[in-house]
Amino acid sequence: MKLIDPFRDPEPIKSAIRHLQPKAISCADQLGRPVQIMEVCGGHTHTLFKFGLPELLPKQIEFVHGPGCPVCVLPRAVIDQAIALATRADVIFTTFGDALRVPGSEHSLQAVRAQGADVRVLYSPADALVLAQQNPSKQVVFFAIGFETTMPSTALVIQQAAKQGFENFSVLSHHITIMPTLRALLDRDDVLIDGFIGPGHVSAIIGEQAYRDIADHYQKPLVISGFEPLDIVQSIDMLLTQLVEQRCDIENQYTRVVKSKGNQAALNAMYDVFAIDSEDALWRGLGQIKDSGAPISNAYAHFDAAKRFALPVQNQEIDCSGYCDQVMIGKLKPSQCPHFGKSCSPQQPMGALMVSTEGACSAYYRYRPLMENSEVV
Amino acid sequence: MCLGIPTQIIEITNADSALAVVELGGVRREVNVALLVEELPLDQLIGQWAIVHAGFAIGLVDEDEAQQTLATISDWEREEPAS
């Protein structure tokens with residue numbers, strides 16, 4: 001397919017890997033250890049494993065799988081809130097499919113659906129408004145999760161609901177933003193990262209300059225990357241070039257989609273509907289992250305399901321297995337977790353990293369046989 | 001979760017609500033293109049490629065930039081010593 005296939009062609013990918021090899025060796029020599037690159041976005045984690053890139057790339061490059069999978073960082077407490085709404089007789093609860101199997105403290109949305117709760121999977125938040133129109137006697141709640149990529153869509157739907165005066169539509173919002181998260185990671189002293197592969201579609205909304213702090217304050221290079229294997233390999237080349245030249249800049253490999261200033265129409269909608277970076281948010285595995293939450297603003301409070309249904313505030317994460325957080329900050333490889341592939345699998349996930357196909361554990365589980373084969377060869 | 005797919009805009013189906021039909025690999029569906037109209041007016045969107053995420057087009061794809069990215073890698077291939 002146009003705009004996809006040329007970026008998956010094996011020959012240019014191999015050539016680009018040969019091109020970056022001397023830089024990887026030189027960087028690792030300078031550092032006295034392998035180069036640690038964090039791919040922030042779960043979509044990049046998925047591409048890495050799907051195309052077997054860690055095995056094709058020089059062994060001097062190691063990946064730290066970042067926290068950028070909104071499903072993987074959904075706290076149990078928020079799933080419990082979702083379940084409290086979904087099990088009300090007067091509610092049609094709507095969600096993206098990704099969130100269905102994430103375990104709460106006792107159940108998942110999928111489990112309560114099996115017991116009769118009206119939980120529906122939507123492709124787009126706009127479909128929730130259609131449902132609200134078709135079911136005037138029900139309250140339709142949309143479970144809004146995701147980073148800046150998804151926030152403008154939720155914002156447009158809430159604006160439309162306000163304009164048309166919907167009384168039976170509201171949003172349970174757990175949107176989170178990327179920059180406070182990266183800051184929180186870089187402020188920890190137990191995370192070793194030499195450079196970042198930046199999230200392509202978040203950046204299509206927020207632009208390049210939003211990341212300035214990473215280079216200016218934290219002195220780390222970041223390259224915004226597309227999602228095809230050739231994009232990722234070229235982004236790694238650009239990161240290594242910066243490291244060899246001892247530079248820290250924000251660079252953009254994904255120029256075909258990401259504009260320097262982002263998408264202004266999307267930013268306007270987001271800032272109208274959400275109070276961006278205005279409160280601490282709870283992340284599974286990482287705890288409270290300062291300013292990473294984006295609650296629905298006062299002007300649109302009427303559409304905030306947490307207020308409409310007077311849900312108790314959730315600011316305490318319920319402890320899970322204790323290993324997910326170590327995988328999330330790159331201290332443990334997924335396969336080093338004692339639950340991996342035993343008590344925790346994609347069929348029966350204990351932790352959210354095993355739920356989403358973008359989660360590091362799920363990607364390891366799915367593609368591990370391939371990796372083990374390539375190690376033998 | 002932030003998955004976005006490059007699709008081609010085929011026709012505008014509802015100008016008031018900024019709805020358009022997009023196509024990828026023979027599959028068509030209606031999406032919201034309101035987030036693109038600051039870049040291009042609705043009637044000029046037809047034929048353009050856009051990244052679609054959760055039923056909303058979130059950005060246009062610049063085909064010239066795509067070609068330039070591929071050309072950079074081709075240059076690397078040409079520079080390689082013949083084996």
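Model, not experiment: these values are computed from the prediction. By convention in this document, chain letters (A, B, ...) are assigned in the order of the sequence lines, proteins followed by strands, and residues within each chain are numbered from 1.
- Put simply, of A/Leu156, A/Asp98, A/Ile13, A/Val233, the one with the most heavy-atom pairs under 4.5 Å next to chain B is A/Leu156.
- No side-chain donor-acceptor contact under 3.5 Å links A/Thr149 to the backbone of B/Cys2.
- In terms of heavy-atom pairs under 4.5 Å with chain A, the best-connected choice from B/Glu77, B/Gln67, B/Glu79 is B/Glu77.
- Contacts of A/Ile145 with chain B are made by both backbone and side-chain atoms, with heavy-atom separations under 4.5 Å.
- Using modelled atom types, one side-chain atom of A/Asn263 and one backbone atom of B/Leu35 make a donor-acceptor pair closer than 3.5 Å.
- Donor-acceptor pairing under 3.5 Å is recorded for the side chains of B/Glu80 and A/Ser15.
- Considering only heavy-atom pairs separated by less than 4.5 Å from chain B, the leading option among A/Gly200, A/Ser153, A/Ser356 is A/Ser153.
- The parts of A/Thr150 that come within reach of chain B are both its backbone and its side chain, each placing non-hydrogen atoms under 4.5 angstrom from that chain.
- Contacts between A/Asp127 and chain B at a heavy-atom distance below 4.5 Å are absent for every atom of the residue.
- For a residue to count as touching a neighbouring chain, one of its non-hydrogen atoms must lie under 4.5 Å from one of that chain's; by this rule A/Gln160 does not touch chain B.
- For a residue to count as touching a neighbouring chain, one of its non-hydrogen atoms must lie under 4.5 Å from one of that chain's; by this rule B/Asp64 does not touch chain A.
- Between B/Glu38 and A/Gln264, the shortest heavy-atom distance links the atoms OE1-CB, 3.5 Å.
- Counting heavy-atom pairs under 4.5 Å between each of A/Gly68, A/Ala16, A/Gly262 and chain B puts A/Ala16 at the top.
- Heavy-atom distances place both the backbone and the side chain of A/Gln253 under 4.5 Å from chain B.
- Using a 4.5 Å cut-off on side-chain heavy atoms (C-beta onward), A/Arg18 and B/Trp76 make no contact.
- For B/Thr72, the part sitting under 4.5 Å from any heavy atom of chain A is the side chain, from C-beta outward, and nothing else.
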